[in-house]
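To start, the structure itself, in structure tokens.
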Amino acid sequence: MSTIKVSVAEIEKLAHGDLGATRDGVELRVVDGADDWSSEGKYETCTVIFTDGERFYRSYASRSGSYYTDYTYDSEWNDGDADAEEVRKVTKTIEAWEAV
């Protein structure tokens, strides 16, 4: 499994669908998850799948606040690296019971 160094701020850019976020001269592109925030009250997270052109990675952006006021993003207090893990796309078959 491969890792990649990406800052919290770069993950937030990708979470908003910004293209061309770079790290060490490598262009990163969003594959899935841009602007798809899951809300848990005042806290929201966004799972971002992105690629460096060779491998695919998953990371998470988070923010707190309100749609009606303003959001505070993690990069405002955390200028470190984000956790990013290499992932691959798989197909899963799920069986369930359904009313007829």
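Index from 1, following the sequence. The analysis underlying the following values was restricted to heavy atoms, covering all of them including side chains, and did not include hydrogens, waters or symmetry mates.
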Looking only at heavy atoms, the pair that brings R55 and T51 closest together is O-OG1, 2.7 Å
To check you understand the geometry: which heavy-atom pair defines the closest contact between I11 and V48, and what is its length? O-CG2, 4.5 Å
As an exercise, state the distance from CD of E10 to CG of L28, rounded to the nearest 0.5 Å. 6.5 Å
Those residues that, when tested against S38, pass side-chain contact (heavy atoms from CB on, under 4.5 Å) (two or more places apart): T45
Roughly how far, to the nearest 0.5 Å, is CZ of R88 from CZ of F56? 12.5 Å
Indicate yes or no: at least one non-hydrogen side-chain atom of V8 is less than 4.5 angstrom from one of D81. no
For E44, give me all partners under salt bridge (charged side-chain N to carboxylate O under 4.0 Å, His left out), at least two apart in sequence or on another chain. R63
Going by the ring-ring contact (aromatic ring centres under 6.0 Å, His included) test, which pairs reach into residues 28-47, not counting sequence neighbours? H16-W37
Heavy-atom pair with the smallest gap, counting every atom of S62 and E12: O-OE2, 4.2 Å
For Y60, enumerate each residue passing the side-chain contact (heavy atoms from CB on, under 4.5 Å) test, keeping only those at least two apart in sequence or located in another chain. T47, R58, E85
Kindly state each residue pair satisfying salt bridge (Lys or Arg N to Asp or Glu O under 4.0 Å) with at least one member in residues 89-100, sequence neighbours excluded. none
Non-hydrogen atoms of Y57 and V87 that approach each other most closely: C-CG2, 3.9 Å
For residues 80-100, pull every pair meeting ring-ring contact (aromatic ring centres under 6.0 Å, His included), keeping only residues two or more places apart or in separate chains. none
Residue pair F50 / S59, side-chain heavy-atom distance below 4.5 Å: yes
